[in-house]
Amino acid sequence: MLSLKKGRYRARFAETAEDIGAAQALRTLAFRGDREAELDADIFDDICDHVLVEDQRSGDLVCCFRILPLTGGQE
């Protein structure tokens, strides 16, 4: 597993369905402003690699983003 650390933060690739769910929950809060809203999920969740940035002290997810890997650039 790739893990990058800087100061109090650690970035890593999502490994489990729970990791993806945590990213979706954070996106829901960021884009909809409501923890109780339907999760921010779309078709890109299945085809992208998710990067999670966590506070090493608390373990809280503080940032996430997705990377869409391209195989040959023709996509």
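Numbering starts at 1 and runs along the sequence shown.
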Quick check against the 3.5 Å criterion: does Arg66 have a side-chain atom that pairs as donor or acceptor with the backbone of Cys48? no
To the nearest 0.5 Å, what is the distance between CZ (Arg8) and CZ (Arg57)? 4.5 Å
If I take atom CZ from residue Arg27 and atom CG from residue Asp42, how far apart are they, to the nearest 0.5 angstrom? 5.5 Å
Work out which heavy atom in Pro69 is nearest to a heavy atom in Asp49; give both atom names and the distance. CG-OD2, 3.8 Å
Rounded to the nearest 0.5 angstrom, the CD-CD distance for Gln24 and Glu38 is 10.5 Å
Please name the pair of heavy atoms, one in Leu26 and one in Cys63, separated by the smallest distance, quoted to 0.1 Å. CD2-N, 3.6 Å
Minimum heavy-atom distance Ala23-Cys64, with the two atoms named: O-SG, 3.7 Å
Are any side-chain N or O atoms of Asp60 and backbone N or O atoms of Val62, one a donor and one an acceptor, separated by less than 3.5 Å? no
Show the numbers, then the answer: is there a side-chain contact (heavy atoms from CB on, under 4.5 Å) between His50 and Asp19? CA-CA 9 Å; His50 297 254; Asp19 286 343; over 6 Å; no
Cluster question for you: counting only ILVMFWY and a side-chain heavy-atom cut-off of under 4.5 Å, with indirect links fine, are Leu4 and Tyr9 together? no
Transitive ILVMFWY side-chain link Leu70 to Ile47, under 4.5 Å: yes
Nearest-0.5 Å distance that lies between atom OG1 in Thr28 and atom CG in Leu39: 4.5 Å
